[in-house]
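I have placed the structure first, in the form of structure tokens, so that the comments after it can refer back to it.
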Amino acid sequence: MKFKLLFSLLLGSALTVAAEGYVDGVEYFRADQPEEAEIILTNTLSQPQTDQATAYYYLGQIALQKGDTAKARQMFDKGLAANPENGYNYVGLGALALRSGDAKAAENYFKDAKKYAKKDYDVLTEIPRAYFQANPVTYAKEIDKWLADIKKQSKNTAPAPFILEGDRLAGVNVGDAAGMYEMAATFDHESKDAKDAHPEAYVKYARVIFKVNERAAIDKLRELLGYQPESALVQRELAEKLYDANQLTNAAKQYEAYIQNPNSFQKDKQRLVGLLYFAQRYPESYDLASQILTQDPGNFYMERMQFYNKKAMGDTIAAVAAADKLIANPKAQLNAQDYTQYGELLTDMGRDSLAVVMYENAVRTEPEKTALLKDLSQAYNHALRFQDAADTMQKYIDLQGDDVDPNDLLALALRWNALASAQQKMEDPTWKASSEKALAAITRVREMTPNHPLVLNHYARILLVNNNSEINDAVAQADLATLAALDSDPENLENRKALYVQVLGRLGNYYVTSHNMDEARKMFQRFYDIQPSEDLKAYLETLQNK
């Protein structure tokens with residue numbers, strides 16, 4: 001969809017977040033979003049409410065995922081220094097031992113973790129997860145044994161082991177994985193000691209079923225939001241799923257709520273800018289883009305949205321200024337849409353020559369988008385560069401092969417006809433060749449859309465130019481065919497008055513020059529009945545005397 005394509009152009013890599021709520025970082029990591037987790041955990045590490053030992057463990061796990069074992073060990077060691085009785089970092093050291101192939105050392109670390117974890121099933125489940133991440137095939141027995149022991153000890157009510165079971169199945173059996181995640185979510189909500197501590201169960205459930213049941217996925221996230229209304233992960237995941245389901249109005253509302261969370265990210269605010277734009281809430285979209293720019297000057301994604309919003313609001317001067325600023329930004333990754341938007345603006349302002357430059361830039365920027373050639377052809381036409389307009393449209397048609405759209409063929413015919421007409425006026429002898437190309441194109445359109453009054457009218461007009469702008473029998477026959485097509489539908493008398501007037505006027509003049517006054521009077525009388533005027537009434541009276 002067009003708006004989704006635009007969103008992909010709005011989301012930058014910048015991620016900014018306020019420094020509070022380390023639990024959000026833990027939740028993001030458990031939900032397989034380590035980039036976001038690292039930012040939150042790093043920014044909240046020094047806060048008094050942060051459990052530093054746990055935060056260091058997850059930072060170590062993030063480093064381990066990146067393959068930075070030295071940093072991972074540093075984080076786990078810092079975690080142990082912060083609290084040697086926190087079992088998480090013993091698991092981390094065990095994971096490092098597995099990574100180096102020392103399974104025996106890993107077992108010893110895991111025993112230490114179990115000693116301190118006691119009935120903390122989240123910590124205990126990190127042990128089979130370490131085996132799973134090291135090699136799920138090699139350590140399948142160890143994983144099964146630890147999970148069985150944890151489930152037995154917890155009486156099958158701890159969410160964490162079922163989440164790991166879901167992760168094991170996710171790449172093999174989506175249905176069974178969803179069942180495990182849903183079971184974990186149920187246990188999580190029912191638990192008195194760890195209520196709402198595992199939003200990743202709901203999130204992962206929603207992710208695996210979204211493709212087959214969008215509504216169920218969204219409903220599960222709404223359910224979770226009722227339990228954890230302050231969770232940044234939950235707020236954001238629901239917003240994203242609403243967006244993915246094309247519920248853009250609801251997505252915008254959810255993003256608006258989410259970005260108030262101190263642990264929200266700038267790229268999500270940028271997405272909201274786009275959602276507000278497509279909801280035609282242009283002032284709000286513009287204001288949010290401006291707010292982001294005060295924090296991140298030179299963010300060309302937001303400069304783009306300032307331009308688009310000002311254009312949509314009809315503030316031409318501000319839109320031009322915004323477009324110029326975007327184009328002048330040395331860091332801007334300009335796309336074809338930037339240039340076509342500016343081209344549209346310049347065309348509306350009557351600055352056709354500059355508009356052509358923008359459309360040429362669009363084609364040059366994304367030449368694989370052949371439809372841009374149609375826009376460029378139209379720009380050339382507005383600038384009265386008829387040869388370029390015809391050649392460019394011909395290039396587009398040639399690229400389409402047998403799948404050409406009759407509307408595009410009609411546009412090609414009109415481009416060649418406009419060129420032929422201009423060449424006639426300049427007494428350029430090549431006008432006939434241009435006219436023949438117009439005639440060939442409109443003939444193809446007639447074959448594809450027989451008896452269409454608009455096409456037949458264009459055919460008559462092209463024949464007129466082909467006869468050196470003089471009405472002859474061929475033009476008259478084409479007009480009569482157009483008139484018959486118009487008369488075949490009574491609604492055309494109301495819906496296609498302008499077309500009737502063109503055809504009747506040409507036929508009336510043809511019959512006058514052919515000295516067929518009876519037919520001439522009929523044509524002009526019908527003309528008068530559709531569009532009466534004093535001049536036409538007077539002309540009809542003169543015809544009565546001939």
Between K241 and E214, is a salt bridge (charged side-chain N to carboxylate O under 4.0 Å, His left out) present by the stated rule, with each step listed? CA-CA 8 Å; K241 286 296 174 285; E214 292 181 356; over 6 Å; no
Exercise for the section: Evaluate the salt bridge (charged side-chain N to carboxylate O under 4.0 Å, His left out) criterion for residues E541 and K537: first the C-alpha distance (whole Å), next the side-chain angles of each, then the deciding distance (0.1 Å), finally the verdict. Expected result: CA-CA 6 Å; E541 290 175 355; K537 182 179 180 181; 5.2 Å; no
Exercise for the section: Take Q270 and M302 through the side-chain contact (heavy atoms from CB on, under 4.5 Å) test and state the conclusion after the steps. Expected result: CA-CA 7 Å; Q270 292 181 182; M302 294 300 96; 3.5 Å; yes
| query | Please walk me through it: do Y308 and D338 pass side-chain contact (heavy atoms from CB on, under 4.5 Å)? | reply | CA-CA 9 Å; Y308 287 9; D338 296 330; 2.7 Å; yes
- Verdict with reasoning, E256 to R281, per salt bridge (charged side-chain N to carboxylate O under 4.0 Å, His left out): CA-CA 13 Å; E256 284 181 284; R281 294 166 60 181; 2.9 Å; yes
Test log, rule side-chain contact (heavy atoms from CB on, under 4.5 Å), inputs Q254 and L225
CA-CA 11 Å; Q254 183 57 39; L225 189 63; 4.1 Å; yes
Passes side-chain contact (heavy atoms from CB on, under 4.5 Å), Y342 versus I327? Steps please.
CA-CA 10 Å; Y342 200 4; I327 291 174; 3.5 Å; yes
**Request:** Evaluate the criterion salt bridge (charged side-chain N to carboxylate O under 4.0 Å, His left out) for residue pair E237 and K220; output intermediate values, then yes/no.
**Result:** CA-CA 11 Å; E237 196 73 22; K220 181 61 70 173; over 6 Å; no
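Y243 carries R271 over the face of its six-membered ring, with the cationic atom under 6.0 Å from the centre and within 45° of the normal. For the pair K269 and Y255, the cation does not sit on the ring face, since its NZ or CZ is not both under 6.0 Å from the ring centre and inside 45° of the axis.
Between D428 and T430, the side chains place a donor N or O and an acceptor N or O closer than 3.5 Å (distance only, hydrogens not considered). Checking Y181 against D167 by side-chain atom types alone, a donor-acceptor pair falls below 3.5 Å. Between the side chains of D375 and T340, no donor N or O sits under 3.5 Å from an acceptor N or O. There is no side-chain donor-acceptor pair under 3.5 Å between N261 and N263. Counting only N and O atoms by type, the side chains of R236 and S264 include no donor and acceptor under 3.5 Å apart. Side-chain contact annotation: Q266 with Q295, donor-acceptor N/O pair under 3.5 Å absent. N250 and Q247 are linked by a side-chain donor-acceptor pair at a separation below 3.5 angstrom, with hydrogens and angles left out of the test.
Nearest heavy atom pair, residue P229 against residue Q235, reads O-NE2, 2.7 Å. Between L221 and V234, the closest heavy-atom pair is O-CG1, 4.2 Å. Between A289 and V273, the shortest heavy-atom distance links the atoms N-CG2, 3.8 Å. Heavy atoms only, all atoms of each residue included: G508 and A520 are closest at O-CB, 3.8 Å. Residues L543 and V512 share a closest heavy-atom pair of CD2-CG2, 4.3 Å. The two residues R207 and A31 have their closest heavy-atom pair at NH1-O, 2.6 Å.
Within the 3.5 Å criterion, the main-chain N or O of Y380 finds no donor-acceptor partner in the side chain of Y359. Judged purely by atom type and a 3.5 angstrom limit, S421 has no side-chain atom pairing as donor or acceptor with the backbone of A418. A donor-acceptor pair under 3.5 Å is formed between the side chain of T443 and the backbone N or O of L439. With hydrogens and angles disregarded, a donor-acceptor distance shorter than 3.5 Å links the side chain of Q400 to the backbone of Y396. At distances below 3.5 Å, at least one donor-acceptor pair connects side-chain atoms of N329 with backbone N or O atoms of G298. S285 places no side-chain N or O within 3.5 Å of a backbone atom of L276 that could act as its donor or acceptor partner.
Put simply, the side chain of L483 reaches to within 4.5 Å of the side chain of M523, judged on heavy atoms. Taking 4.5 Å as the limit, every side-chain heavy atom of D24 sits out of range of all side-chain heavy atoms of L233. By the 4.5 Å heavy-atom criterion applied to side chains, Q341 and K311 are counted as neighbours. Between E360 and R364 the shortest side-chain heavy-atom distance falls below 4.5 Å. Looking only at side-chain heavy atoms (C-beta outward), Q65 and F29 come within less than 4.5 Å of each other. Contact check for L486 versus R496: side-chain heavy atoms found under the 4.5 Å cut-off. Residues R304 and N335 form a side-chain contact, since some pair of their non-hydrogen atoms from C-beta on lies under 4.5 Å apart. A heavy-atom distance below 4.5 Å is not found between the side chains of M180 and Y205.
When the side-chain contact (heavy atoms from CB on, under 4.5 Å) test is applied to D489, the partners found at least two apart in sequence or on another chain are E491, N492.
We find the CD-CD1 distance between Q33 and I40 to be 9.5 Å, quoted to the nearest 0.5 Å. The OG atom of S377 sits 10.0 Å away from atom NE2 of H382, with the distance rounded to the nearest 0.5 Å. Taking OG of S231 as the start and OH of Y202 as the end, the distance is 11.5 Å to the nearest 0.5 Å. The distance from atom NZ of K522 to atom CE of M517, rounded to the nearest 0.5 Å, is 14.5 Å. Going from atom CG of N213 over to atom CD1 of I209 covers 5.5 Å, rounded to the nearest 0.5 Å.
In this structure, the ring of F265 has its center less than 6.0 angstrom from the ring center of Y28. Taking the six-membered ring where the residue is Trp, the centroids of Y277 and Y282 are separated by under 6.0 Å.
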Which atom pairs, donor and acceptor, lie under 3.5 Å between side-chain atoms of residues 463-476 and protein residues at least two apart or in another chain?
| from | atom 1 | to | atom 2 | distance (Å) |
| --- | --- | --- | --- | --- |
| N466 | OD1 | K432 | NZ | 3.4 |
| N466 | ND2 | S435 | OG | 2.8 |
| N466 | ND2 | E436 | OE2 | 3.2 |
| N467 | OD1 | N472 | ND2 | 3.3 |
| N467 | ND2 | E470 | O | 2.7 |
| S469 | OG | Q424 | OE1 | 2.8 |
| N472 | OD1 | A474 | N | 3.3 |
| N472 | OD1 | V475 | N | 3.0 |
| D473 | OD1 | Y510 | OH | 2.3 |

Ignoring hydrogens and angles, write down the donor-acceptor pairs under 3.5 Å from the side chains of residues 454-462, residues two or more places apart or on other chains.
| from | atom 1 | to | atom 2 | distance (Å) |
| --- | --- | --- | --- | --- |
| N457 | OD1 | R506 | NH2 | 2.6 |
| N457 | ND2 | Q502 | OE1 | 3.2 |
| Y459 | OH | R446 | NH1 | 3.4 |

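Taking 4.0 Å as the cut-off between side-chain N and carboxylate O, E366 and K369 count as a salt-bridged pair. Under the 4.0 Å criterion applied to side-chain N and carboxylate O atoms, K267 and E36 are assigned as salt-bridge partners. With respect to E447 and R444, no salt bridge is recorded, no charged nitrogen being found less than 4.0 Å from a carboxylate O.
Exactly one of Q394, K395, Q387 qualifies for a side-chain hydrogen bond (donor to acceptor under 3.5 Å, both in side chains) with D391. That residue is Q387.
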